[in-house]
Amino acid sequence: MQPTNTQDPAYFHQVVDCQWACPAHTPVPEYIRLIAQRRYDDAYMVNWVSNVFPGILGRTCDRPCEPACRRGRVEDHNLPKPEPVAICRLKRVAADFKSDVRARMPHPLPANGKRVACVGAGPASLTVARDLAPLGYEVTVFDAEARAGGFMHQQIPRFRLPEHVIDEETGYVFALGAQFRPGERIASMRTLLGQGYDAIFVGSGAPRGRDLDLPGRKEAAAHIHIGIDWLASVSFGHVTSAARRVIVLGGGNTAMDCCRSARRLGGEDVKVIVRSGYDEMKASPWEKEDAQHEGIPIINFHVPKAFVHEGGKLTGMLFEIVRAEYDAQGRRQLVPTGEPEAFFACDEVLIAVGQENAFPWIERDVGIAFDRWGLPELGQGTFQSSLPQVFFGGDAAYGPKNIITAVAHGHEAAISIDLFLRGQDVAQRPPPHVNLVSQKMGIHEWSYDNDPSTDPRYKVPWAQAEKALASIAVEVELGFDPATAAKEAHRCLNCDVQTVFTPQLCIECDSCVDICPTDCITFTTNGEEAELRQRLHAPSLHPEEPLFVSLPLKTGRVLVKDEDMCLHCGLCAERCPTGAWDMQKFLLLTAKAGGAFKDIAMSAERTGV
């Protein structure tokens with residue numbers, strides 16, 4: 001193997017699995033350490049720079065960081081069900097316990113004379129507005145609804161995301177100078193282009209829910225609803241009750257929100273019926289668990305065939321029972337079992353089988369190209385359309401995803417808009433800010449806690465079931481208290497504090513090998529990666545995780561460290577007699593438009609360990 005190039009920021013970034021997995025690349029260990037020190041304002045600002053909505057995401061994020069967390073892997077043989085650090089819910093802690101942070105937010109630069117329109121007030125548009133307004137751009141955000149937030153406000157139930165949290169964090173955006181034009185639906189791209197905006201960002205989401213054209217659909221239409229439309233009606237108070245027997249079709253997070261909302265609105269017999277298997281459902285594992293915790297069954301491998309009605313009154317649904325079969329390439333096919341069709345009685349059906357993009361307001365002759373799926377054709381990584389001054393992001397760009405992905409799109413689109421309006425090449429992306437600082441304090445001490453807790457994951461407390469299920473507005477999760485949050489934060493392995501090796505100082509005494517608690521360090525002859533992984537002291541169980549390979553040492557051997565196994569405990573550096581090892585904290589802040597917000601994050605980070 002070639003020696004590892006630790007000068008490439010991507011290497012150490014990849015070692016911080018949680019940050020690498022986050023679409024917005026939030027410095028996760030950094031803010032977790034700050035929470036452990038009860039420095040909630042600093043933790044919030046580190047989050048705010050990256051993900052814009054810490055309080056919202058601390059309750060609703062899809063948490064791609066948590067499956068990536070190495071805590072779950074290193075405990076694989078120690079606990080029956082090893083679990084990652086509660087990264088998402090610790091984010092909420094920063095939001096819940098911070099003080100007034102408005103004074104720490106940037107002061108906008110003088111107006112630069114450029115005007116930017118954002119269509120839709122969802123997370124992608126608000127991120128663009130947050131990033132561009134402080135740079136002196138006149139940013140106007142249009143939305144058909146009266147309050148900002150997009151689907152965060154309209155489709156996420158209040159028992160998961162209270163309204164005051166949305167209003168607070170969207171309010172920070174407009175406090176920076178962006179203008180909000182509520183109740184103004186953009187009906188024509190041509191008209192908007194004619195209003196003199198220098199750039200337009202489309203963040204209008206994927207607003208159309210998919211329907212099911214099955215027998216009985218038209219006849220029983222009064223009792224069958226599209227899930228996202230029904231959730232919006234609940235949010236706006238147009239729907240205040242559900243039928244006694246409710247079937248929810250679909251296996252995504254929207255379906256979970258529908259069934260849990262129906263349960264709170266009077267549904268006594270609420271069930272989710274899905275065509276796929278339980279493990280193949282698109283809903284996050286915790287969303288499924290939360291629904292089942294509230295007594296809602298999930299019935300798998302049932303394909304909807306017909307709505308059954310009597311004189312227009314819905315009485316139930318028919319389903320074909322199937323099983324999954326896989327071919328040699330692992331492709332799944334749902335095959336009928338031959339059992340009789342299953343009938344489930346119901347009074348109301350909520351269809352949550354997917355969402356689609358809808359751009360009826362964009363005339364097809366204004367110069368914006370769309371692909372055969374109806375999505376805009378965009379520059380790779382730039383989010384720029386075929387009409388150079390028009391950019392897309394969030395669900396409007398590549399179809400339905402989640403809030404944190406929309407935020408990541410917004411950051412990148414804001415960079416592109418800033419470059420475009422300054423006459424520069426939008427494909428030439430600015431690099432991230434990278435810092436690598438030794439944590440040595442004396443000979444054998446570090447400026448971070450290198451003794452992570454062995455505690456299992458702490459559970460977030462819930463409101464009492466009878467209280468939570470009695471109202472659509474009672475928040476279910478209560479969040480960690482400060483003491484529990486500190487204990488959960490100490491489960492973090494400090495993956496961003498890197499073990500930095502200087503081969504010229506190594507005398508190959510094997511002291512680091514002897515002291516390493518996970519046997520992740522090996523001195524050996526070099527070789528091809530697949531073969532080399534077999535010769536390490538501890539089995540390399542996750543080949544997708546990187547190996548550190550040193551330059552050749554004096555004996556011709558190389559030092560190999562399995563990054564997946566390393567606990568970042570610093571014992572190798574404490575034992576090393578020559579100082580060949582050091583513990584250095586790696587901080588990566590992704591680029592923002594115009595270099596904005598770096599100073600804010602750095603000021604929070606300076607004493608963050």
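The figures here come from the full heavy-atom set of this structure, side chains too, leaving out hydrogens, waters and symmetry mates. Fair warning: this is a prediction, and the values are worked out from it, not measured in the lab.
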**Request:** In sequence, state the C-alpha distance, the side-chain angles, and the governing distance for Asp257 and Gln155, and then conclude on side chain to side chain contact (heavy atoms under 4.5 Å, CB included).
**Result:** CA-CA 8 Å; Asp257 285 342; Gln155 294 164 26; over 6 Å; no
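- Salt bridge status for Arg89 with Glu66: absent, with no side-chain N to carboxylate O gap under 4.0 Å.
- Sequence neighbours left out, the pairs with a member in residues 529-538 that pass salt bridge (Lys or Arg N to Asp or Glu O under 4.0 Å) are Glu529-Arg533, Glu531-Arg535.
- Here Pro162 pairs with Arg59, His164, Val165, Glu475 under the side chain to side chain contact (heavy atoms under 4.5 Å, CB included) rule; sequence neighbours left out.
- Formation of a donor-acceptor pair under 3.5 Å by the Asp41 side chain with backbone atoms of Ser99 is found in this model.
- Thr525 approaches Leu532 most closely through the heavy-atom pair O-CD1, 3.6 Å.
- Scored by the side chain to side chain donor-acceptor pair (under 3.5 Å) test, Asp481 finds Thr484 as partners (sequence neighbours excluded).
- Other residues, nucleotides and ligands place no more than 12 heavy atoms under 6.0 Å from the CZ atom of Arg275.
- Atom CD1 in Ile507 sits 11.5 Å away from atom CG in Leu553 (nearest 0.5 Å).
- Between the side chains of Asn253 and Asn402, no donor-acceptor pair is found at a separation under 3.5 Å.
- Under a 3.5 Å cut-off, the side chain of Gln384 and the backbone N or O of Val426 do not form any donor-acceptor pair.
- Within the 3.5 Å criterion, the main-chain N or O of Cys495 finds a donor-acceptor partner in the side chain of Gln498.
- A search for side chain to side chain donor-acceptor pair (under 3.5 Å) contacts involving Glu280 returns Tyr326, Arg332, not counting sequence neighbours.
- Cation-pi geometry between Arg130 and Trp48 is met: under 6.0 angstrom from the ring centre, within 45 degrees of the axis.
- Sequence neighbours left out, the pairs with a member in residues 502-516 that pass salt bridge (Lys or Arg N to Asp or Glu O under 4.0 Å) are Glu508-Arg557.
- Summarising the geometry of Gly72 relative to Pro82, their closest heavy-atom pair is O-CB, 3.3 Å, with the distance given to 0.1 Å.
- Panel note: side chain His568, backbone Val497; a donor-acceptor pair is recorded below 3.5 Å.
- The number of heavy atoms from other shown groups lying within 6.0 Å of CD (Glu528) does not exceed 12.
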**Prompt:** Given Asp564 and Arg70, is the side chain to side chain contact (heavy atoms under 4.5 Å, CB included) satisfied, shown in steps?
**Reply:** CA-CA 7 Å; Asp564 185 53; Arg70 289 191 312 112; 4.1 Å; yes
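- Remark: the backbone N or O of His490 is not paired with any side-chain donor or acceptor of Ser453 at under 3.5 angstrom.
- Cation-pi geometry between Lys98 and Tyr44 is satisfied (NZ or CZ under 6.0 Å from the ring centre, within 45° of the ring normal).
- In terms of heavy atoms, Glu574 sits closest to Cys569 at OE2-O, 4.5 Å.
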Determine all donor-acceptor pairs shorter than 3.5 Å in which one atom belongs to a side chain in residues 10-17; sequence neighbours excluded.
| residue | atom | partner | partner atom | Å |
| --- | --- | --- | --- | --- |
| Tyr11 | OH | Glu563 | OE2 | 2.5 |
| Asp17 | OD2 | Arg73 | NH2 | 3.3 |

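- Asn526 contributes a side-chain N or O that, together with a main-chain N or O of Met1, makes up a donor-acceptor pair within less than 3.5 Å.
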